[in-house]
Every structure is written in C-alpha cells, then in structure tokens.
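One structure coming up, written as structure tokens, with questions to follow.
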Amino acid sequence: MECKQSSWLLRGESIQYTEKSMCLLVLNGRMDGQMIITNYRLIFESRNCDDIDESKPIFDIAVGLVLKIQKIGKQSGLGRARDIYGIMICTKDNNCIKLSCSDVVNRRKNLVDALNIVCFPVDRAKKMFAFCNNNEGRREDAVDGWTIYEPQKEFRRLEIPSSSWDLTTINANYQLTSTYPRILVIPTAAIQCGKEFMKRVANFRSKERLAVLSWIDSTTEAVIVRSSQPLTGMTMKKSTDDELYMKMIVDANTNGHRVVIYDARPSVNAQVNRAKGGGYEIEYDRCALKFLNIQNIHVVRDSLKKLQDSLFPRVNNKNYVRQVDESRWLHHIQSILEGVWCIVNTVHNEKCSTLVHCSDGWDRTSQLTSLSMLCLDPYYRTIEGFAVLIEKEWCSFGHKFSQRCSQGIDGSTDNERSPIFIQFLDCVFQIMSQFPVFFEFNESLLIEIAHHLYSTRFGTFLFNSEKERMIDNSCGTETASLWTEIMERKKEWINPLYVKGFVLFLNSSHRVLQVWISYYGRHNDEIINTLSNKMSRYGLNRALGAKALLQQIVTKYEQSSSRV
C-alpha cells in the first residue's frame, strides 16, 4: 500500500525530494521504505504502512535539528560493504540515523545534495521554514504569541515606574546597543543625568551592554540587574561614570546598603579576559564581587557531547555512572544552581541588590537571571509567565540563538555552537524535580520548547537579537510564534497538582541532581520505554483526585507559618 504523503504536510510545507528506494539500518536489521525531504523535515516511511502503528512514519526530523550529513560505505564491493552504502544523519538532540541506498550512479549524490540544500541553505535568513509557516489559517481567537511579552505590562506588574526606577527609550532605535531590547529600566537618577551620561556608561561595558533592571522585589526594593563585563583591560582603567551609575543602583534600594556583583566566570577566565580588553569590577564603592566559576560555551559543548555519548547509541551499564561523572555535565549544572541559590538568598533574605554578568552578558548571564527570577517570582512558574520569562531574559536581551544553535549550517565544526539554552531548560527540570507542585506546567513543555529551539518552525528562536529578529527579518509579521502554539495546546502542559508557591530555595547538591533522561535519552529505546508517556498520563489522572487534599495541606501549612 502506498502512503499518503500529503497527510504529513503542515501549512507552508512542500516536498522537495523523494528517494523511493532506501533502507533504514536499525539495531536488528534493516527496513525498506522511502525517504521524503520537505522544506521542513525529513520523513522515512515504511514500504508497507500497514506494518506501522497508526500509519506513522518511522522517523520525522525537522531539518533544523540536523547537525551534519555524512556519506558512509563504498560504492563497489560485495557483502556488508555493499549493504551500508548510504548516508548517516546526526542531529543536535543526540540522534544518529543510518540509511543505505542503491549504488546506482549519482543516486546517493543527488540525495546528499537535496539534503544539503534544505538543511544548510546558502540564504539562511529567508530559507528557514518559519517564513513559510506563518500565522495564516490560525483561529481568530488564538493567542498572538508575539505579544505575550509586553515590556510595559510586565514592568507594571513589577510596580515600575517607581520613585527609584523608570523605563527609558534611549535604545528605542537600537542606537545605544544593538543587542539589547528597545525598552530598558534604569535608575531614575541616571535618566536625569541625560543621554550623554548613559552613552558613556554603556561605552565602558562590552558590546555597550550596560547594567539594566531585570526584576525587582517591590516590597524590599532589592533588584536583579544584568550587564556585560567592564572594559578595564590590563591597566585596570576605571570609569567614574560607571562607578557613579553603580552608586545609583545601590541607592535605589533603601533597604540594602550594597550591591553584590555576581560574575558568572571562573576568576582565572576573568583575568584572561583582561588581556583582551575586558575585565571585572575592582574597588567599586559599596559593591562586593563574587565569581561563580561557571564554565564557558566551549566547555559546555564538549561536556554535553560526552554525556550524550554515554546514552546513545548504547548504554554501557557497568561504566555508565563513571561516564556521566567524567562528562562533568552535572558539575556544570551544579555550578549554575549554586549561583542561582546565592542570588536568590542575596535578594530575598539579605534584601540586597545584585548585578549579574559574564563576559558579554548573553549566555551565562541569561541563565542566572532567568533561573533566579523563576525561583523568586511564582508568576514565572505559570505557562504564560514562563513564556514571558524566556522572551524577556533570552530573546529580548540578545541570546545568540542563531550561532549557539548553528541555524542553517553544518554545525559539526562550528565553534560558536553551544547548548546554553538547553542547559537552562535542564536547570529548570532540576528545580521542577525538587518542587513538583509549584509549577503550572509539566516536563513535556520543556521538551517541546527544546525541540522547537532547533526546528525553525517558529520565528521565536531565530537570529541573534531582538533587532535581527523583529526589525531586520520581520519575524513578528512573517513567522508564527511558538507561544501561539503552546497556548493553543495548553491542556497538554498542565500539571494537575499545581498550587501557587512562594520563593524556592533549591538544593544544588549532587545528591539530588539527576540526568535529564527524558530529553537526552529519548532516542534510545533501551532507556525510554514506549509506554512511559502513557503510564505517566495515567498516573497524573489518578493524582487529580488528591489535588484538593494537597491544597488543604498547603493552606494549613501557610496558616500555621503565618501564626508563628
């Protein structure tokens, strides 16, 4: 029976190439079928669809997830050499697929050429599928994901403007810094000093990324501000303007008498950056500097590769624990979560303001600020709030999604590629594991977001900054937002045990950290049982009956705590 290819097509999706004589090499043999290449994904269909449960394709991979395409085997020869003549497709989410094809002249070449054109287009900007999969055909009452985060609305929720902080449009046309959002929150005193003062402050920071507010505790006035490193260089030069600006941040908090500067880098790395013109704050009045020893993008990339090797294609059960430990992945997760605990403790318990930065302020900085805000503010633990958090701290503040995800290029040798955002989602998973009832959403939402980080189906994670995404490439009008899709399918992500929580003080000990198997190991059938998702849903449905009782327990606990 011939499968109906059109049943797999999304809006704007079109078939680019079909190879009808292919074999998928699986663990215990091979499966005959056809390879379909569209402008969005790669699909392998069994030759007889009746053999497949619910007529689903054997694999369905978004082209944005393809890391590299490699030819395998030789054209000539007999026996096994002939059987493996084909290609290997490696993906960014730890999958590796081997396909053999007929050794007819040019057949494999044509297939590889077709794959390269779709996966690694020359004109990357407008060739990504998001520009074909726009908002046409959406329900009129559908949530517009591009407006789910509105800066003025979000800052009003945080009770800004206030007497000490106010919104500024100094970057309205991205003229101050092209990697920051258009609307910034800075001390009111700084606004009164004028634009020239602000430009001088920005010029003393890498990429002109001056310190701006991310979050404020409206009760204590303690804030989380973010920036990039100061440009002190080898001579440890100073800027009176930057020091005055930091004094304004200190004075904006009437309950605290200092600012704790959390530099995400190891101190050795910060010293090395001085030779490149960067540096760190020294002898700033009423400021304490602490290094958090979080490694850079290159170390993180190599570490995840080692972790993935321990999980796919096979697991060495006798050496698995050692391999995980040698990957150092959980060590890096621990370093981030330790930093988050420090920031949350400083803001909530000590009522002091904090400044967070790394080198340029778009990788480790976003991890620390967003995770700290997640722990401090229950709103960000709702589905809508989590979308706002990502839009605010990652998308608008210029995380380099295009470079970190190797969008539209062969990423196997890309030195700028790094799973920084995946590492952030992993940290969210760790926090959710410790506080499962205080999140409105479940783990499935994290996996969905992780998938579309690479898929290029939506414009949300395309390009390197808000300016590139919204102004230079018009993603807000020419592509669909991931958050529209998320909100339309909101019921799938609901945690039935959810109760609105309070400030979370996480445990960063290795004793409680765990490998995020549901994501890193999901392509290994030895790890992920096909019934696991079904059984999880069954368990959650049973848990619904206990929600009312749990709510009563939490209410009584809060009442008893308030009396104490």
Side-chain angles (χ1 to χ4, degrees), residues 171 175-180 184 186-187 190 193 196-212 224-250 258-303 332 335-336 338-339 342-343 346 353-369 397-400 403-404 415-418 420 464-465:
N171 200 43
Q175 68 272 36
L176 183 67
T177 171
S178 63
T179 62
Y180 261 12
L184 305 173
I186 60 176
C193 288
E196 292 304 316
F197 169 74
M198 294 306 303
K199 289 178 181 178
R200 293 194 299 270
V201 173
N203 288 336
F204 190 66
R205 294 278 169 171
S206 175
K207 312 298 183 184
E208 293 78 40
R209 293 169 67 92
L210 74 163
V212 296
I224 298 175
V225 296
R226 59 181 295 169
S227 72
S228 61
Q229 64 181 334
L231 302 178
T232 58
M234 291 298 293
T235 60
M236 295 305 294
K237 64 183 178 182
K238 294 190 174 184
S239 167
T240 55
D241 293 312
D242 192 60
E243 292 187 21
L244 175 59
Y245 185 68
M246 285 300 300
K247 182 178 182 297
M248 294 174 181
I249 294 175
V250 175
R258 63 173 183 153
V259 167
V260 180
I261 302 172
Y262 285 104
D263 191 323
R265 302 167 293 182
S267 59
V268 174
N269 294 26
Q271 293 278 2
V272 171
N273 279 346
R274 286 177 53 195
K276 302 176 182 178
Y280 47 90
E281 297 84 354
I282 291 183
E283 297 179 355
Y284 275 52
D285 185 35
R286 292 185 290 165
C287 292
L289 175 64
K290 296 183 180 181
F291 292 99
L292 296 178
N293 199 36
I294 301 172
Q295 297 298 325
N296 62 30
I297 63 171
H298 311 294
V299 174
V300 170
R301 179 183 60 245
D302 296 341
S303 176
H332 301 317
S335 296
I336 295 171
E338 282 181 343
C342 291
I343 295 169
T346 301
S353 295
T354 60
L355 167 63
V356 182
H357 72 71
C358 49
S359 297
D360 292 321
W362 48 46
D363 289 314
R364 289 165 285 190
T365 301
S366 293
Q367 290 178 332
L368 290 168
T369 57
F397 272 104
H399 178 63
K400 299 167 74 173
Q403 292 188 3
R404 297 296 178 258
N415 203 40
E416 286 296 306
R417 178 177 63 87
S418 187
I420 295 299
N464 289 321
S465 66

Can you tell whether the side chains of Arg205 and Asp242 come within less than 4.0 Å, N to carboxylate O?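 A salt bridge links Arg205 with Asp242.
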
Is there a side-chain contact between Ile294 and Leu368, using heavy atoms and a 4.5 Å cut-off?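 Answer yes - side chains close enough.
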
Side-chain donor/acceptor of Thr232 to backbone N/O of Gly278, under 3.5 Å: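 Judged by distance alone, yes, a pair lies under 3.5 Å.
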
Do Tyr280 and Phe291 make the cut of ring centroids closer than 6.0 angstrom?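 That pair passes the under 6.0 Å test.
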
Any side-chain heavy atom of Thr369 sitting closer than 4.5 Å to one from Phe397?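 Not in contact.
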
Is it true that a side-chain atom of Asn464 and a backbone atom of Gln403 form a donor plus acceptor pair closer than 3.5 Å?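 The answer is yes, because a donor-acceptor pair under 3.5 Å joins these two groups.
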
Is a side-chain N or O of Arg226 found less than 3.5 angstrom from the main chain of Gly361, in a donor-acceptor match?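 Yes, the answer is positive, given that a donor and an acceptor are paired below the 3.5 Å cut-off.
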
Please check this pair: side chain of Arg301 against backbone of Glu416, looking for a donor-acceptor N/O pair closer than 3.5 Å.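 Absent.
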
Please identify which of these residues, Arg274, Lys276, Arg265, meets the side chain to side chain donor-acceptor pair (under 3.5 Å) condition with Gln229.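 Of the listed residues Arg274, Lys276, Arg265, the side chain to side chain donor-acceptor pair (under 3.5 Å) partner of Gln229 is Arg265.
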
Is a salt bridge present between Glu281 and Arg286, judged by a nitrogen-to-oxygen distance below 4.0 Å?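 Result for this pair is no, no salt bridge flagged.
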
Taking all non-hydrogen atoms of both residues into account, name the closest pair between Leu176 and Glu208 and its distance.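 Scanning both residues, the minimum pair turns out to be O-CB, 3.5 Å.
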
Just by modelled atom types, is the Arg209 backbone N or O under 3.5 Å from a matching donor or acceptor in the Thr177 side chain?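 No, because the side chain of Thr177 does not come within donor-acceptor range (under 3.5 Å) of the backbone of Arg209.
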
Short N-O contact, Lys400 and Asp360, less than 4.0 angstrom: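 No, no charged N to carboxylate O under 4.0 Å.
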
Below 4.5 Å, heavy atoms only, C-beta onward: do Gln295 and Arg364 meet side chain to side chain?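 Contact flag for Gln295/Arg364 side chains = no.
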
Can Phe197 and Leu244 be said to form a side-chain contact (heavy atoms from CB on, under 4.5 Å), step by step? CA-CA 10 Å; Phe197 169 74; Leu244 175 59; 4.0 Å; yes

